[in-house]
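Below: one structure in structure tokens.
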Amino acid sequence: MSVFMDLNLVYSPDSSRLQRLVETAAHLGYSTVAINYVYEPTAKKKQDIPAPRLIKDLIPELPIVQGRSRPIRVLNRLTVMMSDSSHFRATAAEYRGFDLLAVQPTTEKLFHAACMICDVDIICISVTEKLPFIFKRAPVNGATERGVVFEVSYAAALRDSTRRRYTIANSTALMESCRGRNVILSSAAETPLELRGPYDITNLGLLFGLTDGDSKDAVSSSCRSVVLHAESQETASGIIYTVQHPEAPPTKTTGRHR
């Protein structure tokens, strides 16, 4: 049996709404979801990176996943809206509080940087407006080789016909470039009514140009790869270190390295 995931449930300060979102996701059969905190810095006003709230404070009792005997897994995610290269700070300590890190670039230059340089797990594709650039194979392949995935969300397409048109157009353009590889489909839902079941999303993926197999992977195995990628990044930067053996002779250093 496939393990389905929705890695984009929009954070709300209203705990009851957030709890209803998670309960609906569990009822629809999602085993893992991510609460998405969106950070959109602007030049006019300095904004602080949001701090994630503890899951147990948001949802005291996690609901049981439909068809399974275990509770749903809830992760915290940060999405940085990049309209300038300074908006993503690779060494920001605030990023460490999140399980998943995503960026949404708004220009071709920033998209290239996100694919080739930025230490992230997910690159979000805008679905609310026409993209001012095209997807080129080189950066897309670079992201794929680094284990980074592209995300397309569908909730905006449910809100009005204009966003639906942009969602289909931008998604189709992405699929032509990446050939359906390393893509996840998420909801970006703000209310329970905007959530759809995994098999409905699989059918939606066909509309975006995915094959049946790639569409199913986009809500299951590709999502699992994102979570594993994030966990491996955290492990590598958190517990791998070197120490000098107490019996080893002191290392000689030059003045330049002191």
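The basis for the numbers below is simple: all heavy atoms, side chains too, and nothing from hydrogens, waters or symmetry mates.
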Notebook entry, point to check: Any sub-3.5 Å donor-acceptor pair from Ser177's side-chain atoms to Ala173's backbone N or O?
Noted result: no

Open item on the list: So does Leu7 get a backbone contact from the side chain of Arg77, meaning a donor-acceptor N/O pair under 3.5 Å?
Closed with: yes

*Taking C-beta and beyond as the side chain, do Ser83 and Glu40 meet within less than 4.5 Å on heavy atoms?*
no

### Query
Within the distance-only criterion (no hydrogens, no angle test), does the side chain of Ser153 pair as donor or acceptor with the backbone N or O of Ala155 below 3.5 angstrom?
no

Check: Checking Ser31 side chain against Arg73 main chain: does a donor-acceptor pair fall under 3.5 Å?
Finding: no

*Output yes when a side-chain donor or acceptor of Arg146 lies under 3.5 Å from a complementary backbone atom of Cys115, and no otherwise.*
yes

Quiz prompt | N/O donor-acceptor pair under 3.5 Å between Asp200 side chain and Leu195 backbone | solution = no

Any donor-acceptor pair under 3.5 Å from Asn170 side chain to Ser126 backbone = yes

Between Arg163 and Leu158, is there a donor-acceptor pair closer than 3.5 Å when you use the side chain of the first and the backbone of the second? no

Tell me if the aromatic rings of Phe88 and Tyr95 count as close, with their centers under 6.0 Å from one another. yes

- In terms of ring plane angle, is the pair Tyr11 and Tyr37 parallel, tilted or perpendicular, where the classes change at 30° and 60°? parallel

query = Has the side chain of Ser171 got a donor or acceptor atom that lies under 3.5 Å from a matching backbone atom of Ile168?
reply = no

